[in-house]
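Data block below; observations after.
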Amino acid sequence: MSAVPELRITLAGAERVVAGGTTYGDALEADGRSVIAARANGELKDLAAAVSEGDVIEPVPVGSADGRAIVRHSTAHVMAQAVQEIFPEARLGIGPPVENGFYYDFDVKSPFTPDDLKRVEKRMREIVKQGQLFSRRAVSDDDARAELAAEPYKLELIGLKGGAGSDDGADVEVGGAELTIYDNLDPKTGELCWKDLCRGPHVPTTRSIPAFKLMRSGGAYWRGSEKNPQLQRIYGTAWESRERQDEYLHLLEEAEKRDHRKLGAELDLFSFPDELGSGLPVFHPKGGVIRRVMEDYSRRRHEEGGYSFVNTPHITKGHLYETSGHLHWYKDGMFPAMELEGAEYYLKPMNCPMHNLIFKSRGRSYRELPQRFFEFGSVYRYEKSGVIHGLTRVRGMTQDDAHIYCTREQMQDELKSLLNFVLQLLKDYGLDDFYLELSTRDDSDKFIGTAENWETATEALRQAAISSGLELVPDPGGAAFYGPKISVQAKDAIGRSWQLSTIQVDFNLPERFELEYQAADGSRQRPIMIHRALFGSIERFFGVLVEHYAGAFPPWLAPVQVVGIPIAEAHAPYLHDLAKKARERGIRIEVDASDDRMQKKIRNAQKSKVPFMLLAGDEDIANGAVSFRFRNGEQRNGVPIEDAIDEIVSAIERRVQV
RNA sequence: GCCGACGUAGCUCAAUCGGCAGAGCAACAGUCUUGUAAACUGUAGGUCAGGGGUUCGAUUCCCCUCGUCGGCUCCA
């Protein structure tokens, strides 16, 4: 028989024997469309790679997480090829897959224009249609250097091979044990069309890319450091099918419609007057109602939760922030000092130091711990101009900030009940899909305090997080300089995650402020401090709620809960009467007595996303009734006035969405 | 802060290759009195983001500043 050796592999749980030289594609009978790669013993492989003795082989479907990443990575290659064909002087950076898509960085003489992107995309479609083969080839470091002599960034990556730096996407290029280059070959002639240093794997041919679209371009620092030169990044998206891509693009459209900056202007909630400066919002009456209701409810819950309310000023002499360490660790994030009477005054970037002064204002007993101070505290931070973004990233904001002073023994229970409190309150505002992130220190020197304290605090947070039963995602190195934190990430109505509440344990500030309480044995002990912002900031949470509800707030939060619409002018007094009764029950109601047609009034109320419209004409008046129109266009006619008011009051009190 | 795009009426957008700035909606006034998403007519509204420059003349071309948008970096 043949001299070709036989190999034993495991496929779909069953052992099989195949001839040497069999590829993963052969073994899986993969079509290169629905199955685009293989997983052998856990490692992703090209379909064209040969199987090895003992391989346990699984297919990688194009629509799986791995499959999508491969498609996206391959699309990034196609894009880079197109870019270099159109702009031969373009040098390559890196081109990894990312969530929902991919990017590739290029060093080009001038940044890409939208028109450039169109040209690149057009060329990409030609390449995809041509069905170029992705062909893998191992190279030695020296050969790679010679082949890529014209690609300085790739040369730098070769130098990094095996090194640390895997957090910047570079490992996509050089992450493997050996360097490999992927050649893109013409399927008819076998001619080399393009090549790139790459770990792989890739789809078998460019035809295996079912759907893609270039999205946008922008500057990006080489290897993520602002000390490095800035390259030009092009972002694209790619999917396993046209349908999935359309769904994704539709989601983006939906997100755009919900943009709180847009809705904030449309619904007359808030604005950013240029005169005030960037990142400084003002809330209009309608936004003001929402804020007030949000805050009132929060205050009530905090009162029930055993918090004490405190108030502190917006500016302070610098000494306070020397004590706290902010002027040392955080000066770049603060507005510069104002010189007054020989002292330097600073706008406050955080409330905690002032709360510490309140704790310190007299001797404290263990009997009064845990002591929970709460404040809607306004803080000002000098955010760099390029990062300011609507209400989610501002320079002046109000934190719903609390600081809890407790003993070491109390810390664990306090954290558990705190997390519970936070989650319950967020649910009341209509968010109910959460996960947690545990941010811990790493080796960086930006973290202060003893390793032992960090360990204790981290472990206490971890326990609290675990007891919540929510998914816990580690975030090494993400902690504040003074202590570890849990952040609550909430998913909104269209599945986007927002970082909201943070809970941080701090051994450091009590130390710096020399905070003490007297213990039962008469000794003086240092309390532990827990920092906690629930909304994060009111502005940010406000923005999140606008997007979550797409501006259609549930009745309890809606700035106007009811609009009364007379069928004709003569019916207005009847609605004014009704409105008076409703206001007595605490309902925010307006009667639209303008000259507009009834249909126009409905349209206006609908556009302002009012939860309830109450219409009244001759028929209703004859019956002492009113007719509902709801946001979804449904109506219910002839409802007795008292019943209508009861129904609205009930919806408000139960904080339900309608 | 860095790279890029952009800034015209309250909003959404036209126009001017350097020669008196235009529409819809909103606002205001009047007419009309209507049963579930836009009645009709009229009026008013602009230092074309701000400042400087080039020019006989700048909203238009150039520079600076401010602001917005998309990225990067950052986000205690």
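Convention: sequence-line order gives letters A, B, ...; per-chain numbering from 1.
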What is the distance from CG of L231(A) to C1' of C2(B), rounded to the nearest Å? 12 Å

What integer distance in Å separates D332(A):CG from U73(B):C1'? 13 Å

May I ask you to say what Y321(A) touches in the nucleic acid, namely base, sugar-phosphate or nothing, with a heavy-atom cut-off under 4.0 Å? nothing

Output yes when E266(A) and K262(A) qualify as a salt bridge under the 4.0 Å nitrogen-oxygen rule, no when they do not. yes

So Q499(A), base contact, sugar-phosphate only, or nothing? Heavy-atom distance under 4.0 Å. nothing

Does K601(A) reach a base, just sugar-phosphate, or nothing at all? Heavy atoms under 4.0 Å. nothing

In whole angstroms, how far is the C1' atom of U12(B) from the NZ atom of K262(A)? 11 Å

Work out how far the C1' atom of G10(B) is from that of C2(B), and round it to whole angstrom. 34 Å

Enumerate all atom pairs, one protein N or O and one N or O from nucleotides 34-42 of chain B, separated by less than 3.5 Å.
{"residue": "U34(B)", "atom": "O2", "partner": "R597(A)", "partner atom": "NE", "Å": "3.2"}
{"residue": "U34(B)", "atom": "N3", "partner": "R597(A)", "partner atom": "NE", "Å": "2.3"}
{"residue": "U34(B)", "atom": "N3", "partner": "R597(A)", "partner atom": "NH1", "Å": "3.0"}
{"residue": "U34(B)", "atom": "N3", "partner": "R597(A)", "partner atom": "NH2", "Å": "3.0"}
{"residue": "U34(B)", "atom": "O4", "partner": "R597(A)", "partner atom": "NE", "Å": "3.2"}
{"residue": "U34(B)", "atom": "O4", "partner": "R597(A)", "partner atom": "NH1", "Å": "2.1"}
{"residue": "U34(B)", "atom": "O4", "partner": "R597(A)", "partner atom": "NH2", "Å": "3.3"}
{"residue": "G35(B)", "atom": "O6", "partner": "D618(A)", "partner atom": "N", "Å": "2.9"}
{"residue": "G35(B)", "atom": "O6", "partner": "E619(A)", "partner atom": "N", "Å": "2.7"}
{"residue": "G35(B)", "atom": "N1", "partner": "D620(A)", "partner atom": "OD2", "Å": "2.8"}
{"residue": "G35(B)", "atom": "N2", "partner": "D620(A)", "partner atom": "OD2", "Å": "3.0"}
{"residue": "G35(B)", "atom": "N2", "partner": "S627(A)", "partner atom": "OG", "Å": "3.0"}
{"residue": "U36(B)", "atom": "O3'", "partner": "R629(A)", "partner atom": "NH1", "Å": "3.2"}
{"residue": "U36(B)", "atom": "O2'", "partner": "R629(A)", "partner atom": "NH1", "Å": "2.8"}
{"residue": "U36(B)", "atom": "N3", "partner": "Q635(A)", "partner atom": "OE1", "Å": "3.1"}
{"residue": "U36(B)", "atom": "O4", "partner": "Q635(A)", "partner atom": "OE1", "Å": "3.1"}
{"residue": "U36(B)", "atom": "O4", "partner": "N637(A)", "partner atom": "OD1", "Å": "2.8"}
{"residue": "A37(B)", "atom": "OP2", "partner": "R629(A)", "partner atom": "NH1", "Å": "3.4"}
{"residue": "A37(B)", "atom": "N7", "partner": "R629(A)", "partner atom": "NH2", "Å": "3.4"}
{"residue": "A38(B)", "atom": "N7", "partner": "R603(A)", "partner atom": "NH1", "Å": "3.0"}
{"residue": "A38(B)", "atom": "N7", "partner": "R603(A)", "partner atom": "NH2", "Å": "3.4"}
{"residue": "A38(B)", "atom": "N6", "partner": "R603(A)", "partner atom": "NH2", "Å": "2.7"}
{"residue": "A38(B)", "atom": "N1", "partner": "R603(A)", "partner atom": "NH2", "Å": "3.1"}
{"residue": "A39(B)", "atom": "N3", "partner": "R597(A)", "partner atom": "NH2", "Å": "3.4"}

Determine the Euclidean distance between corresponding P atoms of C61(B) and U16(B); express it in Å to zero decimal places. 12 Å

Write down the distance separating the C1' atoms in G53(B) and A15(B), rounded off to the nearest Å. 26 Å

What's the gap between C6(B) and U12(B) when it is taken at their C1' atoms, as a whole Å value? 16 Å

Go through the steps for F87(A) and F112(A) under the test ring pair (Phe, Tyr, Trp, His ring centres under 6.0 Å), then give the verdict. CA-CA 10 Å; F87(A) 306 96; F112(A) 298 106; 5.6 Å; yes

Name the nucleic acid region contacted by F112(A), choosing base, sugar-phosphate or nothing; use a 4.0 angstrom heavy-atom cut-off, strictly under. nothing

Surrounding NE2 of H319(A) (heavy atoms of other residues, nucleotides or ligands, distance under 6.0 Å), is the total greater than 12? no

F628(A) six-ring face occupied by R636(A) cation (under 6.0 Å, within 45°): yes

Could you work out the separation of U41(B) and G52(B) based on their P atoms and round it to a whole Å? 44 Å

I need the single residue from L534(A), L419(A), V488(A), L436(A) that forms a side-chain contact (heavy atoms from CB on, under 4.5 Å) with I503(A). Which is it? L419(A)

Here the distance between atom P of C75(B) and atom CH2 of W329(A), to the nearest Å, is 14 Å

How far does the C1' atom of G4(B) sit from the matching atom of C40(B), given to the nearest Å? 48 Å

Do we see a donor-acceptor contact under 3.5 Å between the side chains of S594(A) and D592(A)? yes

Let me know the distance between CD of E383(A) and P of G67(B), rounded to the nearest Å. 14 Å

Salt-bridge test for R233(A) and D105(A): reply yes if a basic N is under 4.0 Å from a carboxylate O, no otherwise. yes

For nucleotides 68-71 of chain B, print each protein N/O atom paired with a nucleotide N/O atom at under 3.5 Å, atom names and distance only.
{"residue": "U68(B)", "atom": "OP1", "partner": "S278(A)", "partner atom": "OG", "Å": "3.3"}
{"residue": "U68(B)", "atom": "OP2", "partner": "S278(A)", "partner atom": "OG", "Å": "2.9"}
{"residue": "C69(B)", "atom": "OP1", "partner": "R261(A)", "partner atom": "NH1", "Å": "3.0"}
{"residue": "G70(B)", "atom": "OP1", "partner": "R261(A)", "partner atom": "NH2", "Å": "3.0"}
{"residue": "G70(B)", "atom": "OP2", "partner": "R261(A)", "partner atom": "NH1", "Å": "3.3"}
{"residue": "G70(B)", "atom": "O3'", "partner": "R216(A)", "partner atom": "NE", "Å": "3.4"}
{"residue": "G70(B)", "atom": "O2'", "partner": "R216(A)", "partner atom": "NE", "Å": "2.9"}
{"residue": "G71(B)", "atom": "OP1", "partner": "R216(A)", "partner atom": "NH1", "Å": "3.4"}
{"residue": "G71(B)", "atom": "O3'", "partner": "Y235(A)", "partner atom": "OH", "Å": "3.2"}
{"residue": "G71(B)", "atom": "O2'", "partner": "G219(A)", "partner atom": "O", "Å": "3.3"}
{"residue": "G71(B)", "atom": "N2", "partner": "Q230(A)", "partner atom": "NE2", "Å": "3.1"}
{"residue": "G71(B)", "atom": "N3", "partner": "G219(A)", "partner atom": "O", "Å": "3.4"}

Measure CG/D115(A) against C1'/A5(B) and give the value in whole Å, please. 14 Å

Once you round it to whole Å, what is the distance between P of C3(B) and CG of N228(A)? 15 Å

Write down the distance between CG (D107(A)) and P (C72(B)), rounded to a whole number of angstrom. 18 Å

Counting runs of three or more consecutive pairs, Watson-Crick or G-U wobble, with each distance below 3.5 Å, where are the stems of RNA chain B? B:1-7 with B:66-72, B:10-13 with B:22-25, B:27-31 with B:39-43, B:49-53 with B:61-65

Salt bridge or not between K118(A) and E121(A)? Use side-chain N to carboxylate O under 4.0 Å. no

When the P atoms of A49(B) and A9(B) are considered, how many whole Å apart are they? 8 Å

Could you check whether R393(A) pairs with E539(A) (Lys NZ or Arg NE/NH1/NH2 to Asp/Glu carboxylate O, under 4.0 Å)? no

Short side-chain donor-acceptor distance under 3.5 Å, N356(A) and Y405(A): yes

With a 6.0 Å cut-off on ring centres, are Y380(A) and Y382(A) close enough? no

When you look at NZ of K331(A), are more than 12 heavy atoms from neighbouring residues, nucleotides or ligands closer to it than 6.0 Å? no

C1' atom, C13(B) versus U54(B): distance in rounded Å? 31 Å

Test side-chain hydrogen bond (donor to acceptor under 3.5 Å, both in side chains) applied to H531(A) and H403(A), H355(A), K485(A), the passing residue: H403(A)

